[in-house]
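These notes are about the structure you will find just below.
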Amino acid sequence: MSATGRVPFNDLARGTSAERREIDAAIGRVLDRGWYALGPENAALEEELAAEVGTSDAVLVASGTDALQLAMQALGAAPGTRVLTAANAGGYSSIAARQLGAVPVYADVDPETLLLTARTLASAWARMDVAPKIAVVTHLYGAAADMTEIMDWAERAGVLVIEDCAQALGARHAGAPVGSFGHAAALSFYPTKNLGALGDGGAVLSRDGEVARTVRSLRQYGWSPKYRVSIDGGRNSRMDEMQAAVVRTRLPRLETMNERRRDIHRRYERALDGHDTRLVNAAHPGFTAHLAVLETDDRDGAIGHLSAAGIATDVHYPVPDHRQPVAPAQSAALPVTERASERVLSIPLFPELTEAEIELIGDRIGELP
Ligand SMILES: *Cc1c(COP(=O)(O)O)cnc(C)c1O
């Protein structure tokens, strides 16, 4: 617990203070070198990420949302392109698609996992009047979607797949890392992600060298080579060297940190054993435990109960994409998505939680129905 006796939803200062010497050294290295954007730290991190996920390429960009947008562009998204995605995953894929004039269309999710499946994608696809060119599959909360079935479906449907791995670096499906299945994948290094920077950053991963080359050009004005604008639609979406250096110091610890998250998640699972309130996921080795998400009939009651004990909570996510004020009316209903948006509740889960905090959270969630 913090000094005030409150358990914060997240406390990034705890991690940075424990790693302070390494972070200072990484930043010092960049300052001494005097090369601040798209330099050797970027190049090294790109290689390390590609090796981690098993893709041929990784291209660093300015954020996870940019990664989604640039991946869509590289896969041929243009004004009017239909992008099939989930409406319960924070809205990032919808925002990226709209930036390009593409049209997000939503598939519902599985009621157990809250993930897209080949079945939910196929049923949304069957209702579309214009076929989608791209599907974005989010490995929500750090749990891997069934990419074997989804890639089978996508091949039959002629759809290109982007995996959104912003919450799921280190997650596995059928023994292989997420991000290695789709035509491209997006990562985010936003500070709260399992592998976070001290600011913004992101990456596009691909096993297709042509996709990576296009993203590399688009992230820097469409240049190819320098000062020659060869691809239209380019912009500035570089990641800076200090962020890349910090992420590099953290990457070797990712698996240990994910295991620590899973440990904490398992303790919450035990506390809820036999209750109606459930955790959406169970902590198997392929799950990154980015978030611990309860599903409950009485969310306001649960928020009140936890908040009375000083435990902060959050909701991921309260407003499905098709219900956002900016969304055009969509006729198709998304009953599972809508029901989940009223029932999910995230409780604190980060590696630096103390034993006392974990125990308190376990005790209090154990008092829920
Ligand atoms: C955080 C997140 C993003 C966006 O990443 P930013 O770096 O914040 O732009 C995209 N998708 C998911 C699932 C995320 O959790």
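In listed order, ligands and their atoms are each counted from 1.
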(message) Taking 4.0 angstrom as the limit and counting only heavy atoms of T138, give me the atoms of ligand 1 inside it, by number and element.
(response) 13 (C)
(request) Give the numbers and elements of all ligand 1 atoms closer than 4.0 Å to a heavy atom of G64. (result) 5 (O), 6 (P), 7 (O), 9 (O)
(request) Quick one: look up the protein heavy atom nearest atom 1 (C) of ligand 1 and list residue, atom name and how far away it is. (result) K193 NZ, 1.7 Å
(request) Just let me know how D164 lines up against ligand 1, side chain, backbone, both or neither, with a heavy-atom cut-off below 4.0 Å. (result) side chain
(request) Give the contacting part of S63 toward ligand 1: side chain, backbone, both or neither, where contact means a heavy-atom distance below 4.0 Å. (result) both
(request) Not counting sequence neighbours, which residues clear side-chain hydrogen bond (donor to acceptor under 3.5 Å, both in side chains) with H316? List them please. (result) S346
Going by distance alone, is a donor N or O of one side chain under 3.5 Å from an acceptor N or O of the other, for [X] and [Y]?
X: E338; Y: H322; value: yes
X: H139; Y: Q167; value: no
X: T192; Y: N10; value: no
X: S93; Y: T85; value: yes

(request) Measure from atom 9 (O) of ligand 1 to every heavy atom in T65, L140, V61 and give the option owning the shortest one. (result) T65
(message) Using heavy-atom distances only, which candidate in A203, G199, S188 approaches atom 7 (O) of ligand 1 most closely?
(response) S188
(request) Can you sort out the partners of R20 under salt bridge (charged side-chain N to carboxylate O under 4.0 Å, His left out), two or more places apart, ordered by chain and number? (result) D24
